[in-house]
Each structure stands twice: as C-alpha cells, then as structure tokens.
Amino acid sequence: MAMQFLVRHKEAELIVPAKPTPHEIRPLSDIDDQKGLRFHVPMIMFFSYNQFLDEKNPVGVIRDAVAKALVYYYPYAGRLIEGPSDKILVNCTAEGVVFREAIAEVGLDQLRNFMQPPFPYSKEFLVDASDSTEILDSPLMLIQFAVNPNRISCKMVTRLICGGLVLAIRINHAISGAIGLVQFLNAVSQISKDPSSAPSPLHVWQRWLLSARNPPYVTCVHNEFEVEKNSNSSTEPTILDFPPNLVRKGFFFGPQEIKAIKKYLPPNIRQASRFDLVTALVWRSRTIALQLDPEEIVTLTYAVNVHGKNTPKLPSGYYGNGFVSSTAVSKVNQLCNNSFVYALELVKKAKHQVTEDFIKSAIDYSVLHGKPGYSTSLKDWIVSDASRTGIDEVDFGWGKPIYGGTMDGGPTFNMAVYSRLRNTQGDDSLVVPVCLPVAAMENFQKEMEKNKFWHPKIISML
C-alpha cells in the first residue's frame, strides 16, 4: 500500500548563467537529433543527513553552483529550435534551467525500500513546470531539490532546514544522455565545494564528430531501425492496448543471482559480462511470458557506448549523446525453446558488431532514412545501461547519495534503463525494470522463480 505524505512545492524559478554567455545557435549531432531521443530523462539522488549540512544552506549551494556551471555549459540554458530539413538546433539564449525547492514531510528511512526504479513517488519529487515537458522552445533541464523537515537547525537568523535531501533532475535527451548529465553534475559538485574553481574535465561541444559523412552511405545491416520490416504479425500490440493492466517492477541482480546464472553456462563460454548475462536472461524470460506467436520475430535493442572508440575519437569532456544502438533478432520459438545461452550468444554478437564502421554506418543510415525512431511494440525490448554513469558517486559536499540513478525505469513500456544499487550488505547490484501486462508479469515471475534467479526482497511496483 502506498504511503501518504505531504510535499510542499515552492514556485518554480529559472536559474540563468552567473555571467554573460555567447548568444549563438549550435547544431546537434546526428545521434542527438534522432527522433527516438526526443524525450526527457528523469534521474534522482537521495542523500542522508550529514553534519556539514548544519553549516550550509544546501538549496543555496546548489542554486549558486548550477548558475556558475551554466557559464561553462551554457547551451543547457538555451532552448531547442527546429532548423532546415527537420534538424534540431540549440538556440543559446541564456533563458535558464528550471529550479524548484520543496519540503517533504517524510523521512529517508521511510523511502529507503523505494529507492530504485520504478520510484512510486516520482510525481511528488519532480513536479512539472509550465511548458517544461515540451521538446522545442522549452527548458532543457528541470531540477527539484527537496529537503526534509525532521531536523531543524536554528543556529542562523533564518531557519535552516537540514534533514535528508532528494535531488531530482530531468534533462532533454536530445542535448545529452545520462553520461553528459553526470558530467554537468560533477561540474556543479566541484563548484559547490570550491566556488572559484573551473570544472574539470573541460566541456567539449564538437557535435560534428558524431554527424553523418558527406555523402552518407550505409555499409552495415541496421536492424535497430528496421524492426517494422522484421515483423510477421499484422496486429502488433501497442501501448494503447495495455494501459489499464500494465505493471512495472524492478528486479534485483546481485552477486548471488549472477553466480546462479553462471552455473548454466557451458565450458566453452568463458567470458560474459554481468550486463550480457542479465540482459539475455530477462529478454528470453520476458518473451516467454508474453506468449507470442512462435513464428513472430522479436528484437532486443540496446545502447552501446562509443566513448573510448578510436574512431570517432570523442575527447574527454564531450557531453553529447555518445552511443549507437545494436539489435539482436530471433524468432520466438528459437528464443524460447533454446536455453538462455542461445540468447546470450545473440546479445554478445550484437555488441561485438559495433565496430568503427558500424558506428559511421548507423549515423548515415539514420540521416538517409529520416531519423527513424525505435520500435514501440511490446514484443520488442529496448535496454539502456545507466549503472556505470557515476551519478551515484556525485558529492556536492555532504557525501555521496544512498541511491543515484534512473527514476522511472524507462520512458516507454518496452524500454528498461538499468540502475546500480547497493543493498544493506554493500553488494553492488543491477536493478532491471520490467514492464508487462499483469498476466504476463505473473508468467515472467514464475519463469524467473523456476530457476531461482528472482530476488523477491527488492521489488517495487507501479
């Protein structure tokens, strides 16, 4: 049963850069400009009370540090506009990002079991400001800072509220993904601890590094953009078919679960990452749970980070979207009737195909085909791993967050954004959000329980 508690929200304000910044129009990369990225990404961070908070005004510290960080990251203070040929551009207007302060009459100990995606109180801790959810001509970032009134310090003339803190952020995915957002938060962190410092690494725009060649040409197969062509079904399910009975739960994969999964690996598979193992297992189990036509084609699409690749070489400090998507494809009967090792091999194959040539080809394909989006069909699963972005390591001067990661688990019902979570024993684990119709979710849980992969103690539900 959901808790009831009061959150008092103050009026939203705009934080503008602390100093004058260039007024100019900047292009996005052709990865940024994909139609599949035209949505907002919500993240959340929970901080315990720290004695240093007695000497600080955390809301003021964050507000001032954001303003100073925006001097360097001034495109965030602008607005997206539409240019020629449906190209989105950043109009650097210095209008600012939305900031809202709130007071939540709830303790972090009461929220602790919900600190994972999907977070059931997202509407309380991230309240929309007017026009802030639009893609064009709208603020690119919304920040809500909630303090807890359970601990009050009256050492100052004005009453300073110093309890647990919740920082929720939502960013327009077209300008940055989670990695870029964390880079900005680290800049805010550095400035909050040393207001005279310049953030490091240096911010780098250079969006042309991930733009199409001239002329663009395709050299690889791109199933991530061709899922509609792969389907044999004439009546694919859409989100409109399921809203009344959709349920989303977070599944916990810690060291014990990974150890259990590895027991099913044959001797010839010596290396498989935690991401590969969990993704293969959940994709197969999810497909079994949906009880699809055996001849249906299903896909698993996931984002592959291109930071660190030699070509294109993204410099340190690049804060645009730096990934391409790769897709594993299978018939339902092959995926479900084979062991999960079959799914694992497909996942690993799709990841390994992301070469330098594939990256260039994917960008060119997107431009040549009108920047197509991703599948919105329930049968297809889309995955993004945000567990290694570093958001759970950001320290504004009062310690690292108890939890830092995605808030809702994914922008659509067929997408899952993984987060990192440490349980009470300190185990570093993945939380995988899964969204299914009620009957299919029951099937999914039975499939997971059958092999003792499911960790029932850390499950949340919307």
What pair of heavy atoms forms the shortest contact from Val7 to Ala104, and how long is it? CG2-CB, 4.0 Å

Run the salt bridge (Lys or Arg N to Asp or Glu O under 4.0 Å) check on Asp30 and Lys87 step by step: do they pass? CA-CA 9 Å; Asp30 287 321; Lys87 179 76 174 176; 2.8 Å; yes

Walk me through whether Val16 and Leu70 qualify under side chain to side chain contact (heavy atoms under 4.5 Å, CB included). CA-CA 7 Å; Val16 301; Leu70 286 174; over 6 Å; no

Might you work through the side chain to side chain contact (heavy atoms under 4.5 Å, CB included) test for His40 and His173, ending with a clear yes or no? CA-CA 5 Å; His40 296 266; His173 205 332; over 6 Å; no

Which of parallel (below 30°), tilted (30 to 60°) and perpendicular (above 60°) describes Phe119 and Phe46? perpendicular

Is there a side-chain hydrogen bond (donor to acceptor under 3.5 Å, both in side chains) between Asp32 and Ser29? Walk through the geometry before answering. CA-CA 5 Å; Asp32 298 325; Ser29 76; 3.0 Å; yes

Would you indicate whether the side-chain heavy atoms of Met45 and Leu185 approach each other to under 4.5 Å? yes

Would the His222 and Phe358 ring centres measure less than 6.0 Å apart? yes

Distance alone, cut at 3.5 Å: any donor-acceptor contact between the side chains of Thr355 and Asp357? no

With distance as the sole criterion, is a donor-acceptor pair present between the side chains of Tyr72 and Thr21 under 3.5 Å? no

Does any non-hydrogen side-chain atom of Met141 lie less than 4.5 Å from one of Leu181? yes

Any sub-3.5 Å donor-acceptor pair from Ser192's side-chain atoms to Ser189's backbone N or O? yes

Would you say the side chain of Arg79 lies within less than 4.5 Å of the side chain of Leu136, judging by non-hydrogen atoms? no

Does Leu378 offer a backbone N or O that forms a donor-acceptor pair with the side chain of Asn414 under 3.5 Å? no

State whether the side chain of Glu296 and the backbone N or O of Asp293 hold a donor-acceptor pair below 3.5 Å, judged by distance alone. no

Any Tyr319 side-chain heavy atom under 4.5 Å of Tyr76 side chain: yes

Look up atom CD1 in Ile288 and atom CE in Met448, then write down how far apart they are to the nearest 0.5 Å. 10.5 Å

Between Leu126 and Met407, is a side chain to side chain contact (heavy atoms under 4.5 Å, CB included) present by the stated rule, with each step listed? CA-CA 10 Å; Leu126 194 61; Met407 178 184 289; 4.2 Å; yes

Can you give me the closest heavy-atom contact between Gly250 and Pro118, atom names plus distance? N-CD, 3.8 Å

Rounded distance (nearest 0.5 Å) linking atom CD1 of Ile382 with atom OG1 of Thr412: 5.5 Å

Phe145 and Phe47: CA distance, side-chain angles, deciding distance, ring pair (Phe, Tyr, Trp, His ring centres under 6.0 Å) verdict: CA-CA 11 Å; Phe145 202 30; Phe47 297 90; 7.6 Å; no

Salt bridge between Lys450 and Glu447, side-chain N to carboxylate O under 4.0 Å? yes

Under 3.5 Å, side chain of Arg284 to main-chain N/O of Cys336, donor-acceptor pair present? yes

Evaluate Glu24 against Tyr74 for side-chain hydrogen bond (donor to acceptor under 3.5 Å, both in side chains), listing each step before the verdict. CA-CA 10 Å; Glu24 59 189 6; Tyr74 62 87; 2.5 Å; yes

Determine yes or no for a side-chain-to-main-chain donor-acceptor pair under 3.5 angstrom, with Trp205 supplying the side chain and Pro27 the backbone. yes

Test salt bridge (Lys or Arg N to Asp or Glu O under 4.0 Å) on Lys309 and Glu356; report intermediate values, then the result. CA-CA 7 Å; Lys309 299 284 186 181; Glu356 296 165 9; over 6 Å; no

Under a 3.5 Å threshold, yes or no: a donor from one side chain and an acceptor from the other, between Asn91 and Thr93? no

Test of understanding: with ring-ring contact (aromatic ring centres under 6.0 Å, His included), list the residues that count as partners of Phe275, not counting sequence neighbours. Tyr302, Tyr418

Taking every non-hydrogen atom, the tightest pair across Ala102 and His9: CB-CD2, 3.7 Å

Pair Glu11-Arg100, salt bridge (Lys or Arg N to Asp or Glu O under 4.0 Å): steps then yes or no: CA-CA 6 Å; Glu11 289 293 322; Arg100 188 193 295 272; 5.6 Å; no

So Asp128 and Arg170, do their side chains get closer than 4.5 Å, heavy atoms only? yes

Cationic tip of Arg286 above Trp283 ring, under 6.0 Å, 45° of axis: no

About how many Å separate CE of Met415 and OG1 of Thr376, when rounded to the nearest 0.5 Å? 13.0 Å

Work out which heavy atom in Ala187 is nearest to a heavy atom in Tyr73; give both atom names and the distance. CB-CE1, 3.8 Å

Heavy-atom count check: over 12 atoms from other residues, nucleotides or ligands less than 6.0 Å from Arg388 CZ? no

So, Arg248 side chain and Gly410 main chain: donor-acceptor pair closer than 3.5 Å or not? yes

Under 3.5 Å, is there a donor-acceptor pair linking the side chains of Ser419 and Gln116? no

So, Ser122 versus Asp408: side-chain donor-acceptor pair below 3.5 Å or not? no

Test side chain to side chain contact (heavy atoms under 4.5 Å, CB included) on Ile44 and Leu167; report intermediate values, then the result. CA-CA 6 Å; Ile44 194 165; Leu167 181 62; over 6 Å; no

For residues Thr299 and Asp380, is any side-chain donor paired with an opposing acceptor at under 3.5 Å? yes

By the definition side chain to side chain contact (heavy atoms under 4.5 Å, CB included), identify the one residue from Ile31, Asp33, Val324, Asn321 that meets it with Leu210. Ile31

With a 4.5 Å heavy-atom cut-off, do Ile143 and Val98 have their side chains touching? no

Show the nearest heavy-atom pair for residues Lys351 and Ser326, with the distance to one decimal. N-OG, 4.4 Å

With a 4.5 Å limit on heavy-atom distance, are the side chains of Ile297 and Val329 in contact? yes

Atom pair CG (Asn223) and OG (Ser325), whose distance is rounded to the nearest 0.5 Å: 12.0 Å

Is a side-chain N or O of Thr279 found less than 3.5 angstrom from the main chain of Asp276, in a donor-acceptor match? no

Answer yes if the side chains of Ser361 and Asp364 hold a donor-acceptor pair under 3.5 Å, and no otherwise. no

Would you find a donor on one side and an acceptor on the other, under 3.5 Å apart, between the side chain of Gln144 and the backbone of Glu124? yes

Considering only heavy atoms from C-beta outward, does the side chain of Arg207 approach that of Arg26 to under 4.5 Å? no

Take Asp428 and Arg420 through the test salt bridge (Lys or Arg N to Asp or Glu O under 4.0 Å) and record every step on the way to the result. CA-CA 7 Å; Asp428 184 9; Arg420 182 183 179 189; 3.0 Å; yes

In terms of heavy-atom contacts, Pro315 and Leu209 come closest through CD-CD1, 3.5 Å

